[in-house]
Amino acid sequence: MVARRKVCMLGSFAVGKTSLVERFTQGIFSGQYLTTVGVKIDTRDIDVDGRPTKLVVWDLHGDDVFQKVRPAYVRGAAGCLFVVDGTRTSTLDVLPELRERVLAHAGPIPHAVVLNKVDLADELIVTPDAIRTQLPRVDVHPTSAKTGEGVETAFVALVRRMEQDK
Amino acid sequence: MASPQQKARSSSASNGKPRGPVSDFDRLRALLTQEERERLDALESRLDDGGTRSLEMSRSLVSAVVETSERDAAALAMAMTPTVESALERSVKRNPQPLIDAVFPILGPAIRKSMATAMASLTQAVNRTVEHTFTIRGLRWRWTAWRTGQSFADVVLANTLQFRVDQVFLIHRESGLLLANVARSDVVARDPDAVSAMLRAIQDFVHDSFAESEPGCESGNLESMRVGGVTIGAEVGPLAILAFVVRGTPPASLRDRLQETLETIHADRADALRAFKTDNAPFVLCEPALEECLIERQRPKQRSLVPIILGTLVAAAVIAVAISTFHTWTSNRAWRRFVKRLAAEPGIVVASTAHADGRYRLTGLRDKFARDPEELRREMELSLAPIDMRWEPILSSHPAFVVRRAQALLLPPSGVRFRFEDGTLFVKGVAPPDWVARARRFATLLPSVERIEFEGAGK
C-alpha cells in the first residue's frame with residue numbers, strides 16, 4: 001500500500017514555490033487557485049529507498065505570509081519546505097517567525113529550507129551559512145526551479161526525514 | 001551440584017586470572033551469590049538452548065499476534081504482507097494445486113456473479129441504445145448532441161437521469177488526505193488525491209472567509225457547490241469528510257443516505273481514523289459502503305398522448321380488419337352453400353361463379369320450371385352481398401319438368417294425371433275421347449317424350 005503524505009510549501013511571495021512544485025509534480029489545477037483559494041495542490045508518486053509514497057503537495061500562497069497561513073492548510077502535514085529566494089534577504093528574514101507559526105499549527109514536523117534561484121549566481125546574496133545562522137540544525141537545499149538543480153534532492157531528503165520521524 | 005568452592009574456582013579460571021588457592025573472599029562471594037548464580041546459569045542454558053527457546057516462543061507467538069492485531073492491525077498487516085506474499089509465491093511455484101483447491105469453491109460463484117453483473121449491464125446498455133437509437137426522441141437527442149457539440153451519452157444522461165452519483169471521496173478531515181475513493185467505471189477520475197485535498201482546502205477557505213464572520217455560522221461547512229449540471233457535495237464528520245460528485249438534481253434523501261454512511265464509517269473505523277497518519281490500508285474496507293453510495297435514479301418516463309392515440313388507431317384498425325375478415329368469411333361460406341343448393345336443384349346447372357368488387361356473380365342454365373333462385377335465397381335467409389345472376393334457358397329432361405310441360409301443352413281434364421319414365425309419358429284417369437286423340441297426336445312433340453301410354457279406364 002502506498003503511503004500518502006501531505007507536504008506544505010511555504011515562503012514569501014515570488015520565491016519560486018509554485019515553480020518548484022511544477023518542476024517536481026504533474027499538476028491538474030491552474031495556478032490561479034493560489035490567488036483565489038490561497039492554495040494549489042499537486043501530487044507526485046515517488047519511490048524513496050524502496051518505499052512507494054504519494055506526496056500531496058500543498059503550495060500555499062506567499063503574499064503577506066503571516067496573514068495568509070491558514071492553520072487548516074498546514075494541519076495534518078507530515079513535512080514542510082520553507083522556500084527562500086537567494087537574491088532577496090528579506091525572504092530569509094521572515095523565515096524564523098513563519099517557521100514558528102507553521103510548527104505551532106502543524107506540530108514538530110520534519111522540515112527543511114530550500115534556497116532557490118541558485119542559477120542566478122551573480123545576484124545571489126543569501127548563502128546556506130546565512131540560513132543556518134538564522135535557523136540552526138535545519139537542512140538547507142540549494143535549488144533552481146529554472147534548471148531543476150537540487151529540486152528532486154530536496155523533496156527526497158524531506159521524504160527520508162518524514163520516514164525517520166514516523 | 002558443584003560446591004561453592006568449586007564454582008568460585010571455576011569462575012576465577014574463566015575470568016582469566018591465574019589459578020591458585022581459593023581465597024577467603026572468593027569463598028565468601030560464592031556463598032553469598034550462590035542462589036543468584038544458579039538462577040543465572042538456568043537462564044543462560046534456556047537462552048542457549050534453541051529447542052527450549054523455540055518451544056517458549058511458539059507458546060507466546062499466537063497471543064502476541066492476536067494482541068498486536070487488536071492494537072494495530074494495519075502495522076501487523078504491513079509487517080506480514082511481504083512474508084505472506086513471498087510464501088504464497090513460493091507455494092504456487094512449487095505446487096499450485098493446494099491453492100487451486102482452496103480457491104476453487106469461491107472462484108466459480110465469483111466468476112458467475114461477475115458474468116451476471118456484466119451481462120445485466122450489457123443488456124441494459126443495449127436496451128438503452130436500441131431505445132435511444134430508433135425512436136423520435138433518440139433522433140432528437142442526436143440532433144441536439146451534434147448541434148451543441150456534446151457527446152450523445154451526455155445528452156442522453158441529461159435527459160434520462162434524475163441524478164447519478166459519479167464519485168465518492170472519503171477524506172481525512174485534518175490533513176485532507178484521501179482515505180478511500182470510488183468512481184463509476186465510465187467516469188474518468190482525475191487525480192483523486194489532489195481533488196480531495198483541494199476540496200478540503202476549499203472547505204477551509206469558505207469556512208475561514210465567510211462562516212467565521214457570520215453570526216451563527218461558526219461551525220458551518222460548505223455543503224455543496226454546483227457547476228453546470230454537476231453538484232459537488234460534502235458531509236462533514238468529526239474525523240472524516242464524505243465528498244461526492246453528482247450529476248443531475250440530487251434529492252434531499254441522498255444527503256441522509258451519505259450522512260448515514262459517514263456515521264457508520266465513524267462508528268466502525270474510529271480508531272483507524274484517529275490514528276491515521278499516512279497509511280490508508282484500513283480504509284479499503286470502507287469501499288463497499290462507498291460503492292453503495294454510487295446511486296443512480298432515472299427520470300420517470302413522460303406519458304405522451306401520441307402512443308395512446310396510435311394504440312387506439314391500431315386497435316381500431318385491427319378490430320375493423322377482424323370484423324371485415326369475419327364478414328367476408330361468413331359471406332363466402334353462405335355463398336358456397338347457396339351455390340351448392342342451386343347446383344342440387346333440378347333444372348339448374350351452375351356454369352361459373354365469381355366474387356369481385358364486393359359482388360357475387362353467377363352464370364348458368366335454368367329450366368323455366370326450375371326453382372326460382374331468389375326464392376331459394378330468401379328461404380335460406382342469406383345475408384349476402386348483391387348477386388348478379390345470368391341464366392340461359394334450357395329444357396330439362398327431369399320427369400317433373402316433362403310432366404309440367406305436358407300439362408301446359410295438353411291441358412288435361414281434371415282427374416287426369418301424368419307420369420314420365422324412360423321416354424314414356426303415362427296418362428292415368430278419365431278423359432273424353434277427343435282429348436285422348438289430341439294427346440296422342442301432340443305428346444311426342446314434347447322434348448324427351450318418345451311415346452304416350454294410357455293407364456286409366458277412360459281412354
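Letters A, B, ... mirror the listed sequences (proteins, then strands); counts begin at 1. None of these values were measured; they are calculated from a predicted model.
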CG (B:N280) and CZ (A:R4) are apart, to the nearest 0.5 Å, by 4.0 Å
Test A:I41 against B:R200 for side-chain contact (heavy atoms from CB on, under 4.5 Å), laying out the working first. CA-CA 11 Å; A:I41 293 153; B:R200 181 74 191 96; over 6 Å; no
**Item:** Residues, nucleotides or ligands: over 12 heavy atoms within 6.0 Å of B:M80 CE
**Value:** no
Heavy atoms of A:K6 and B:E174 approach each other most closely as NZ-O, 4.2 Å
Check: residues 128-138 of chain A side-chain donor-acceptor pairs under 3.5 Å, at least two apart:
from: A:D129; atom 1: OD1; to: A:R132; atom 2: NH1; distance (Å): 3.3
from: A:T133; atom 1: OG1; to: A:D129; atom 2: O; distance (Å): 2.7

Separation between NZ (A:K54) and OG1 (B:T278), nearest 0.5 Å, reads 13.5 Å
Heavy-atom nearest pair, B:S175 first then A:G76, reads CB-O, 3.4 Å
Here the gap from A:M162 atom CE to B:K277 atom NZ, rounded to the nearest 0.5 Å, amounts to 13.5 Å
Honestly, the part of A:V57 sitting under 4.5 Å from a heavy atom of chain B is neither
Between the CG atom in B:D193 and the OG1 atom in A:T43, the distance rounded to the nearest 0.5 Å is 6.0 Å
Nearest heavy-atom approach of B:A201 to A:W58 is CB-CZ3, 3.8 Å
*asked:* Counting neighbours of CD on B:E67 that are heavy atoms of other residues, nucleotides or ligands and sit closer than 6.0 Å, is the number greater than 12?
replied: no
